[in-house]
Engineer: 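One structure follows; several queries about it will come next.
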Amino acid sequence: MSGRSRMLLSEKHPMATERYNPRASEPKWQKAWDAKKLFEADNDDPRPKYYVLEMFPYPSGRIHIGHTRNYTMGDVVARYKRAKGFNVLHPMGWDAFGMPAENAAMQNKVHPKDWTYQNIAAMREQLKVMGLSLDWAREFATCDVDYYHRQQMLFLDFVEKGLVTRKSSKVNWDPEDMTVLANEQVIDGRGWRSGALVEQRELTQWFFKITDYAQDLLDSLEGLDDWPEKVKLMQANWIGRSEGLLIRWPLATPATGPAIGKVIDGEDELEVYTTRPDTIFGASFMAVAADHPLAKKAAEDNPALAKFIDEVHHMGTSVAALETAEKKGFDTGIRVVHPFDEKWTLPVYVANFVLMDYGTGAIFGCPSGDQRDLDFANRYGLPVIPVVMPEGENQGSFQIIDEAYVGDGVMINSRFLDGMKPDQAFDEVAKLLEQKTIGNRPMAERKVNFRLRDWGISRQRYWGCPIPMIHCEDCGVVPVPKADLPVKLPDDIEFDRPGNPLDRHPTWRHVKCPRCGKDARRETDTMDTFVDSSWYFARFTAPWANDPTDPKAATEWLPVDQYIGGIEHAILHLLYSRFFTRAMRETGHVDLAEPFRGLFTQGMVVHETYRVGSGSNSRWLAPSEVRLEDVDGKRRAIEIATGDEAVIGPLEKMSKSKKNTVSPEEITDGYGADTARWFMLSDSPPERDVEWTDEGAAGAHRFIQRIWRLVSTAAESLAGTRPAAAKEGEAGTVSKAAHKALKSVGEDIEKLAFNRAIARVYELANALSTPLNEAAEGKADPALKGACRQAVDILVHLIAPVMPHLAEECWQTLGGTDLVAERPWPVYDPSLVVDSEIVLPVQVNGKKRGDLTIARDADQGAVEKAVLALDFVQKALEGKAPRKVIIVPQRIVNVVA
RNA sequence: GCGGACGUGGCGGAAUUGGUAGACGCAAGGGACUUAAAAUCCCUCGAUCUCUGAUCGUACGGGUUCGAGUCCCGUCGUCCGCACCA
């Protein structure tokens, strides 16, 4: 458009501006940012560093709207911190190994590699549309040979430091995916991915010794001040520390005294773990797990017991099975002797509720103090001796019938412990038994137990990082020499059968032993994909480094200042990463223990569901397939194609199966990225779920157009005006509104309270609406013009973190020659964020009756005098003196009549 | 069962952490502009009543306080995590 025609147009319609067109505008500004490489972090930049990271996505093929909310939050922080003068690292990558690629290979005959890289390419393009200020120069995928090569280096370093072990253990076997799952990946007895019922199998597996760090991982939670309490609590529960006592109970044999029970050769004690040694006089039986060595031995000549053990093995592990499972046991015939009474023997049962892999796989049962033990005792007619009684109960009448008492109180029926508190009794029992001996060892020792297990990382899959180890018949398990790394995945691979394709590859597994040179075979297990995501944040600090990290860069950038992701990773990913960072410190790759200084868990994007038909004929409808109507205040959904009414279901996480998904393109194609970004952060607090609604998106877009109208109509008249804050009059009101908004938006972003920041921007836009229109109509005096010019500059900078494209467009229209993305955050004038006069609410007897407008710096005496002179106060007092006048400075006045 | 979080208009949510409850947005209703529509602008919007004012009101019942959405005790409800962990 020529200057002449522009002038004609503006003469005809002085107020007319075109609507803002995000489709033309957004790509333009994205190119401008890229051209200046504004988002590429320089490790040598001397400014203070700030590392903001969102949990990287799995390349499933499509970016989900939930992803974009997550990344937008990180982007707002990144853009804000950049404007505040930080050297910001904001990278992006791909968590690219895993089962879905293999499933696609099996179903669609695509190579997992091709499938994955194609998905990455598509998703990268989707992300770019969002205008995120990411450093794409550092992008990598965990399936890049470059990346898993370094992961193999780390693995070998961990092996050297003794952080890796290989042990035979019972594993959770997913029969559908035909692979092993970590305990953390078994949810309600089912595989976290396949949903298949998990079986128990005995396999030799590779483990990371995370339990070595159990205490440290627990203790260090306390220092994570910028983590949600909820996540810390979940981790603490998962680590599950308990303090107790190992007690060795002598088996009743001819040597120990009355040989009542069955005698097993070579067995003379039963070791149990208990957190309640104080209840030892309430013991009425012992119980061991079905896999306990004593149980196995006792079953050798006892077919009935062997049968029972077999039954326990086949018991379901589903929640339903566990909940309904009755406490069942089988008496082995073995007897133990009570540590404090040689004449007291107790039966040893095999019980279905005792777990082999916690404690020692054996317990003593105290029915009065433990519900499970009580259920068991009641079923098998074993004695129930109350040993702890609530304070103030009458011992004569206190009984335990079918509810165990687990609280605090006072010891009874416990000989020398009687009258003590349970805590004291605990210590007393520990002290006495530590002094007694059995064999050559003390009869008891204090022991801390953890629920946390070592992290099994072996997976019998192709699409993962090969474990760089070699099995040699003569030398045993030998690490691949570092010089021979990487162990690359073979490309020629068949997916015609389930199971591990690496295992049946014709040549790949055959190698020479690096130690003796004889024929040997490669480890064909690959690593759990949670290994890949346990250190990617460190790799981002120097993705070009030959070693896994560049320790200098890692030291400078880490910890991640702000990590943002879903609550679903509260345990697995975050705990593994905390362990990994410790292991990397041990091996010299980083110099810190805690990888994430600040953690934020964002809510999901949810949408209601629509369903037509009923029973087996019913089907789900996508939001785009229905039309919503409002009939007599009732919302109805109509299927557009058929006109049938659909049932509106509750808000649910967006999922393919229920078709309640909205794709980012549906929004960005029409309204643009800024609308999507603005909508996802407004209204709902970021930690809570946000409901995607068309009205909400439309509302966000209306605001974009409103800002554009406001700025562009005033732009011409403000063109030559120098920004200047005013203190008085209408101009002063404008300046104060702008500076107050500037202050609170900054504070809100620092706290990640994006919804509040957005509310403040709305307020500022509302406040500027009249003055800016006056300026556009030429009705503003120089003071007001200066104030408006400055306020509009501030407004543009305030919207920039959330609506970066619109901000650039506005800035250009206002005559800016640089980019908002490279401009500093404006500084507010402290004198403009406080008013010289304040309005104090005045209460009489705690109820608000009116206001008092008074100078901000008025002293208490002046405030009291002015309050007492108010009409409504005098009326309320009826001429009497007030009993009390409470003045909270700058806040409220309460007159007590 | 154990552990934790939460409960505010028609809706999403604010409330400086004990100081004006309902900011801001969505939805709804009314009006202006228009031949009309869209867009835009203005007004109303917790409930009740004797309506220029008053009373009630933050799940429910008590308590502490000059003052409670906020703190304490109890009840109900919702959500989340763990779950036979001795």
Engineer: Does rA86(B) have OP1 or OP2 under 4.0 Å away from a side-chain N or O of Tyr358(A)?
Structural biologist: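 It does, given that an N or O in the side chain of Tyr358(A) lies less than 4.0 Å from OP1 or OP2 of rA86(B).
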Engineer: Over all strands shown, is Leu233(A) touching base, sugar-phosphate only, or nothing at heavy-atom distances under 4.0 angstrom?
Structural biologist: sugar-phosphate
Engineer: Looking only at side-chain N and O atoms, does Asn766(A) offer a donor or acceptor that is under 3.5 Å from a partner on Arg706(A)?
Structural biologist: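 Distance-only check passes for Arg706(A) and Asn766(A).
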Engineer: So Gln843(A), base contact, sugar-phosphate only, or nothing? Heavy-atom distance under 4.0 Å.
Structural biologist: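 Base contact.
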Engineer: Using a heavy-atom cut-off of 4.0 Å across all strands, would you classify Tyr273(A) as base, sugar-phosphate, or nothing?
Structural biologist: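 Here Tyr273(A) touches the bases of the nucleic acid.
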Engineer: Go through the steps for Lys740(A) and Asp835(A) under the test side-chain contact (heavy atoms from CB on, under 4.5 Å), then give the verdict.
Structural biologist: CA-CA 10 Å; Lys740(A) 281 180 184 172; Asp835(A) 295 306; 2.9 Å; yes
Engineer: Kindly indicate whether a cation-pi arrangement holds for Arg19(A) with Trp708(A), taking the cut-offs as under 6.0 Å to the six-membered ring centre and within 45° of the axis.
Structural biologist: no
Engineer: Between rG81(B), rU55(B), rG13(B), which one does the side chain of Arg688(A) approach most closely?
Structural biologist: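 So the nucleotide nearest the side chain must be rG13(B).
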Engineer: With syn defined as a glycosidic angle within 90° of 0 and anti as the rest, where does rC72(B) land?
Structural biologist: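 Anti, which is what one calls it when the glycosidic angle falls more than 90° from 0.
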Engineer: Could you tell me how far rG62(B) sits from rC76(B) if I compare only their C1' atoms? Round to whole Å.
Structural biologist: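 Roughly 15 Å separates the two C1' atoms.
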Engineer: Does OP1 or OP2 of rU16(B) have a side-chain N or O of Lys751(A) closer than 4.0 Å?
Structural biologist: no
Engineer: Is Arg702(A) near enough to rA38(B) that one of its side-chain N or O atoms lies under 4.0 angstrom from OP1 or OP2?
Structural biologist: no
Engineer: Do the side-chain N or O atoms of Lys884(A) get closer than 4.0 angstrom to the phosphate oxygens (OP1, OP2) of rC66(B)?
Structural biologist: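 Lys884(A) to rC66(B) OP1/OP2: side-chain N or O found under 4.0 Å.
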Engineer: Run the numbers on Leu599(A) and Asp226(A) for side-chain contact (heavy atoms from CB on, under 4.5 Å), then give the verdict.
Structural biologist: CA-CA 6 Å; Leu599(A) 173 70; Asp226(A) 287 326; over 6 Å; no
Engineer: Between C1' on rG10(B) and CD on Glu695(A), what's the gap in Å once rounded to a whole number?
Structural biologist: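 Spelled out: CD on Glu695(A) to C1' on rG10(B) is 13 Å.
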Engineer: Verify the contact: side-chain N or O of Arg760(A) to OP1 or OP2 of rC24(B), cut-off strictly under 4.0 Å; return yes or no.
Structural biologist: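 For rC24(B), neither OP1 nor OP2 has a side-chain N or O of Arg760(A) closer than 4.0 Å.
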Engineer: By nearest heavy atom, map Phe364(A) and Arg706(A) onto RNA chain B; which one lands nearer the 5' end?
Structural biologist: Arg706(A)
Engineer: Is the base of rU52(B) syn or anti, where syn means the angle lies within 90° of 0?
Structural biologist: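 Here the answer is anti: the torsion falls beyond 90° from 0.
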Engineer: If you only use heavy atoms from C-beta on, which nucleotide in rG19(B), rC80(B), rA14(B) is closest to the side chain of Lys230(A)?
Structural biologist: rC80(B)
Engineer: Which label fits rG9(B), syn or anti, where anti is any glycosidic angle not within 90° of 0?
Structural biologist: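 In terms of base orientation relative to the sugar, rG9(B) is syn.
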Engineer: How is Val354(A) classified with respect to the nucleic acid when contacts are heavy atoms under 4.0 Å: base, sugar-phosphate, or nothing?
Structural biologist: base
Engineer: Under 4.0 Å between a side-chain N or O of Arg756(A) and OP1 or OP2 of rA15(B)?
Structural biologist: yes
Engineer: Establish, with yes or no, whether the OP1 or OP2 oxygen of rA14(B) is under 4.0 angstrom from a side-chain nitrogen or oxygen of Asn755(A).
Structural biologist: yes
Engineer: Specify the residue among Ala759(A) and Ala698(A) whose closest nucleotide of RNA chain B lies further upstream toward the 5′ end.
Structural biologist: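 The 5'-side residue here is Ala759(A).
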Engineer: So if I take every side-chain heavy atom of Ser684(A) and compare against rC84(B), rC24(B), rG13(B), which nucleotide ends up nearest?
Structural biologist: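 The closest nucleotide is rG13(B).
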Engineer: If the cut-off is 4.0 Å, is Asn766(A) near the phosphate of rG25(B), judged by side-chain N/O to OP1 or OP2?
Structural biologist: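 Yes.
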Engineer: Looking at every strand, decide which applies to Thr274(A) at a 4.0 Å heavy-atom threshold: base, sugar-phosphate, or nothing.
Structural biologist: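 The answer is sugar-phosphate, as Thr274(A) gets under 4.0 Å only of primed atoms, P, OP1 or OP2.
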Engineer: Which part of the nucleic acid, if any, lies within reach of Arg241(A) when heavy atoms closer than 4.0 Å are counted: base, sugar-phosphate only, or nothing?
Structural biologist: nothing
Engineer: With distance as the sole criterion, do the side chain of Asn894(A) and the base of rC66(B) form a donor-acceptor contact below 3.5 Å?
Structural biologist: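 Yes.
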Engineer: Any base atoms under 4.0 Å from Asp370(A), or only sugar-phosphate, or nothing? Heavy atoms, all strands.
Structural biologist: nothing
Engineer: Looking only at N and O atoms, is any donor in the side chain of Arg891(A) or the base of rU20(B) less than 3.5 Å from an acceptor on the other one?
Structural biologist: no
